[in-house]
> 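Shown below is the structure under consideration.
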Amino acid sequence: MLKIISLETPANFSFKYTVGSHGWSDLPPFVLDEETGHLSYVFTDGKSGNSVSARISDGGGKLDIEIPQADFDRDKLIADVRHIFRLDDDLNDFYTAIANSNGLAWVANANAGRLLRSATVFEDLVKTLCTTNCSWALTRKMTLNLVEKIGLPAADGKKAFPTPEALGKVSEDFFRSEIRAGYRSPFFVELAESVAGSRLDPESWLRSELPTAELKKEIKSIKGIGDYAAENLLKLLGRYDGLALDSWLRGQFYKKHNREKVCADKKIEKHYRKFGVWQGLAMWCDMTEKWFDEKV
DNA sequence: GCGTCCAGGTCTACC
DNA sequence: GGTAGACCTGGACGC
């Protein structure tokens, strides 16, 4: 039985700009239908622990969530959707911070700035680890392997992202040979075992009152997570003090603001410092402005 | 088809 | 604190 839940969105919410905000909609268990614009995702049900496949679409002032089954934890599903689409994020301060920057005027006009995230911080952490030191194609392959080979299937066969418990049972050899994680394999094993064994609780970072620098230090204590990965995850936690510089972002900055010449990171940091705690989001929007002409 | 080179971010050892 | 080399995969390239 098909069930549809409608969820009201904030006035300054854009489905298109949230789904296309970065590469996450390209990574399983997200599936973006390029023709219809529908975004699919496989949730973990709060009651049974089973996987629940859902399709989410833009309802104009609301999100329409289609679930192909009747029995599921409605409150958990809604909480997950609110988290994924950042419906409770207040971006008014961000729009104020960039109001006098001509190059970023489009952001508030388009209601952009919400960065899509996964249903759990653990999933975002693992995916971020999959983005380190490799091409996007390899990131996608590792994520696909994790979902297809360890994820729990929903009734329609689509699979959810594996839980920490499921990942914690996987050997380092399996990560190498089946997931193609290479040298990251022992990092995945250690991370999954820490979370499954309750020695590490990534979800608690959402509520953490630690200053960002302290929280970053804690995140960086995880093997395989360096400056870029920690700052990228912090952005998904709603903290934008860091730029999360990687080779792509640096390259885009050189093109747009430095006459295609390489420069030190300090120059990039100086360029965005005026945006204060919003500098990471300001830079990301600045570098991805053209995406929406080309991609969406 | 095979071998070589390179890009990508982090870790460790060393200065 | 800064730097060099290793880690591993996949793509590009030359033969």
Side-chain angles (χ1 to χ4, degrees), chain A residues 22-28 115 117-118 121-150 161-162 167 170-195 199-200 202 205 211-237 239-256 258 260-270 272-273 279-281 283-284 287-288 291:
Chain A
H22 62 134
W24 256 214
S25 61
D26 191 37
L27 297 180
L115 302 180
R117 56 189 176 187
S118 307
V121 179
F122 174 72
E123 184 176 328
D124 280 337
L125 177 56
V126 173
K127 284 176 173 171
T128 297
L129 192 48
C130 288
T131 67
T132 59
N133 199 22
C134 64
S135 62
W136 184 252
L138 183 55
T139 295
R140 200 166 187 283
K141 187 170 186 177
M142 284 189 276
T143 311
L144 183 65
N145 286 337
L146 285 169
V147 171
E148 285 302 314
K149 300 191 177 189
I150 315 175
F161 195 83
L167 276 188
V170 175
S171 71
E172 186 178 323
D173 280 349
F174 187 90
F175 276 110
R176 281 186 194 277
S177 60
E178 300 296 321
I179 307 301
R180 310 300 292 166
Y183 73 93
R184 303 168 196 79
S185 300
F187 303 156
F188 281 119
V189 170
E190 189 175 324
L191 170 61
E193 288 180 352
S194 296
V195 178
R199 295 186 297 281
L200 181 70
W205 296 336
T212 301
E214 292 294 313
L215 186 55
K216 180 181 170 183
K217 197 173 170 184
E218 185 176 328
I219 295 171
K220 277 186 68 178
S221 69
I222 298 166
K223 286 275 178 62
I225 300 293
D227 279 327
Y228 148 76
E231 290 180 3
N232 186 64
L233 190 70
L234 282 165
K235 288 201 286 189
L236 298 178
L237 293 169
R239 303 195 190 211
Y240 307 98
D241 321 33
L243 300 180
L245 291 175
D246 62 4
S247 56
W248 183 83
L249 264 184
R250 290 187 180 96
Q252 293 301 308
F253 180 87
Y254 304 151
K255 274 186 202 171
K256 187 166 184 178
N258 208 45
E260 306 216 11
K261 289 183 179 172
V262 173
C263 65
D265 289 352
K266 288 191 184 305
K267 183 169 183 179
I268 304 177
E269 289 160 6
K270 187 180 175 188
Y272 292 102
R273 195 171 296 150
Q279 57 189 296
L281 189 55
M283 180 178 190
W284 184 255
M287 296 298 100
T288 58
W291 275 16

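Residue numbers begin at 1 in each chain, while the letters A, B, ... track the order of the sequences.
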> Checking Trp24(A) now: which residues fulfil ring pair (Phe, Tyr, Trp, His ring centres under 6.0 Å) with it, not counting sequence neighbours?
His22(A)
> Return the value, rounded to whole Å, for the distance between atom CZ of Arg184(A) and atom C1' of dC7(C).
9 Å
> Determine yes or no for a side-chain-to-main-chain donor-acceptor pair under 3.5 angstrom, with Arg180(A) supplying the side chain and Asn145(A) the backbone.
no
> Just checking Ala229(A): base, sugar-phosphate only, or nothing, at a heavy-atom cut-off of under 4.0 Å?
sugar-phosphate
> Round to a whole Å and report the spacing from CD of Glu178(A) to P of dT9(C).
13 Å
> Can you identify which nucleotide, out of dC11(B), dT9(C), dG8(B), has its nearest atom closest to the Arg180(A) side chain?
dT9(C)
> Check whether any side-chain N or O of Lys223(A) sits under 4.0 Å from OP1 or OP2 of dT10(B), and answer yes or no.
no
> Does Arg140(A) use its side chain to pair, donor to acceptor, with the backbone of Asp26(A) at less than 3.5 Å?
yes
> In whole angstrom, what separates Lys266(A)'s NZ from dG1(C)'s P?
11 Å
> Where does the angle between the aromatic ring planes of Trp284(A) and Trp291(A) fall among parallel (under 30°), tilted (30 to 60°) and perpendicular (over 60°)?
perpendicular
> Whether the side chain of Tyr228(A) and the base of dG8(B) hold a donor-acceptor pair under 3.5 Å is what I'd like checked.
no
> Scan Ser247(A) against the nucleic acid and name what it touches under 4.0 Å (heavy atoms): base, sugar-phosphate only, or nothing.
sugar-phosphate
> Grab the CD1-P distance between Ile179(A) and dG10(C) for me, whole Å please.
12 Å
> The side chain of Thr132(A) is closest to which nucleotide in this list: dG10(C), dC7(C), dT10(B)?
dT10(B)
> To the nearest Å, how far apart are Lys216(A) NZ and dT10(B) C1'?
13 Å
> Thinking salt bridges, do Glu172(A) and Arg176(A) make one under a 4.0 Å N-O criterion?
yes
> Using whole Å, report how far CG of Leu129(A) lies from C1' of dC7(C).
13 Å
> Of the listed nucleotides (dG9(B), dC11(B), dT9(C)), which one gets closest to any side-chain atom of Leu138(A)?
dT9(C)
> Out of dT12(B), dG9(B), dG8(B), which nucleotide sits closest to the side chain of Cys134(A)?
dG8(B)
> Between atom CG in Asp227(A) and atom P in dC11(B), what is the gap in whole Å?
9 Å
> Would you indicate what Ile222(A) reaches in the nucleic acid, counting non-hydrogen atoms under 4.0 angstrom: base, sugar-phosphate, or nothing?
sugar-phosphate
> Atom CD1 of Ile225(A) to atom P of dT12(B): distance rounded to whole Å?
13 Å
